[in-house]
Amino acid sequence: MIPHMAEPRIIISDYSREDDETLAEACKNKDELAFQELMRRYIGQIFNFSRQYAHAQEDIDDIVQDTFFKVWRYIGRFKIGLRFKPWLFTIARNTALDHIKKKKASPFSDLDNAETETTFADSLSDPEPLPPELFERSALAAELVQALEILHPDHRAILILHYREHLTFEEIAKIVGHPMNTVKSWHRRALFRLRKELTHQNE
Amino acid sequence: MNTESYNKLFQLLPEEKASPKLFNAVIARVERRETLFAQVRALFHATCAALSVAAAIPVIGYIISASQESGLSAYVSLALSDSTYALSNWKALILSIADSVPLMSGMAFVLILIIFANAVRSIAFSRPFVPLGRGKSMARFA
């Protein structure tokens, strides 16, 4: 039998009060309002996440557009019981990488290098907390942006996803497609480099 | 690992706002895709309905002529006209009728009916994708 458009199974009166997973289920039934609500919630976060992988405004806009278009197109693959946010960021990250490779905006070797450094990171002890006087610097925000630039895009993404988006390492591991121990190693290494860069800038 | 200071640090990270044009661009792209899919689906089902009607005509004609040749119509006519004979020889009559039914063309006709009914149902009960456009807040499915 050839399927025709499904009848909506979820009736929503106030989209802004529904959780992400309910809205995602509604999107499966082509509920455009549910999709728009999800977009409103996450377009800013995906936009800022995409900035970790691209610099040109046009590239960032393309990544964001493609990400949400893929969410609509492949929403049928979103499984009940999973959280929507990690699934969305997985699509965003994969879309960003595809975009970079297509545009060759970043050399391929840069994208691959992150995988070879886990051994070194494993031997590191936990990074020390940041010195309190660091937070007295008026230009700290700008220095942070500059310091993040030296990191590998996936390392930057791990820090953003953990400290801004408050995702667990387990969820981040699924997003970046690597084992959790690898992600934790990259996280440790990224913090070391970030701390070194920020404290070095003061000298 | 004590990451309290890093938590505090990352709250300082400046956020840029996405342009409203970006939001509208995504919606427009989604609506273009769905409108196209709805049109293709409608065209497909309309074609199926038309082809099934076109196919039904020769099949019905064949069933009628095959029934006349096989004697089906004669058996049925006998059963209806002489009920006493029909009741007393019902086993032989049923076997004769079963033997004379044009089976393959009958099955073909049933299949054509199913395809036609499915196509009509799909056209009649499918909701066309109506683009909401910008700024519309009315729920489509209340």
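Numbers restart at 1 for each chain; the letters A, B, ... are given by sequence-line order, proteins then strands.
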Whether A:R73 engages the ring of A:F69 as a cation-pi pair (distance to the six-membered ring centre under 6.0 angstrom, angle to the ring normal within 45°) should be assessed. no
Sequence neighbours left out, what passes side-chain contact (heavy atoms from CB on, under 4.5 Å) with A:D20? Give chain and number order. A:L38, A:R41, A:Y42, A:F84
Who among A:F68, A:F135, A:F35 has the most heavy-atom pairs with chain B under 4.5 Å? A:F135
Considering only NZ, NE, NH1 and NH2 on the basic side and carboxylate oxygens on the acidic side, decide whether A:R40 and A:E37 come within less than 4.0 Å. yes
Under 4.5 Å from a heavy atom of chain B, the part of A:L130 involved: both
Mind ranking A:Q57, A:M39, A:Q45 by heavy-atom pairs under 4.5 Å with chain B and telling me who comes out on top? A:M39
Heavy-atom contact with chain B under 4.5 Å, split by part of A:N48: side chain
Does a donor on one side chain sit under 3.5 Å from an acceptor on the other, for A:D19 and A:T22? yes
Shorter than 4.5 Å, heavy atoms on both sides: which option in A:V64, A:I43, A:V145 has the most such pairs with chain B? A:I43
ring-ring contact (aromatic ring centres under 6.0 Å, His included) assessment of A:Y53 paired with A:F49: CA-CA 8 Å; A:Y53 290 90; A:F49 179 74; 5.5 Å; yes
Turns out that what part of A:I60 lies under 4.5 Å from chain B's heavy atoms comes down to neither
Measure B:K21 against the heavy atoms of chain A and call it side chain, backbone, both or neither at under 4.5 Å. neither
Looking only at the side chains, is there a donor atom on one of A:E32 and A:W72 sitting less than 3.5 Å from an acceptor on the other? no
Using non-hydrogen atoms and a 4.5 Å limit, figure out which bit of B:L9 sits close to chain A: side chain, backbone, both or neither. both
Where does the angle between the aromatic ring planes of A:Y163 and B:F10 fall among parallel (under 30°), tilted (30 to 60°) and perpendicular (over 60°)? parallel
Measure distances from A:L194 to the heavy atoms of chain B and classify the residue's part below 4.5 Å as side chain, backbone, both or neither. side chain
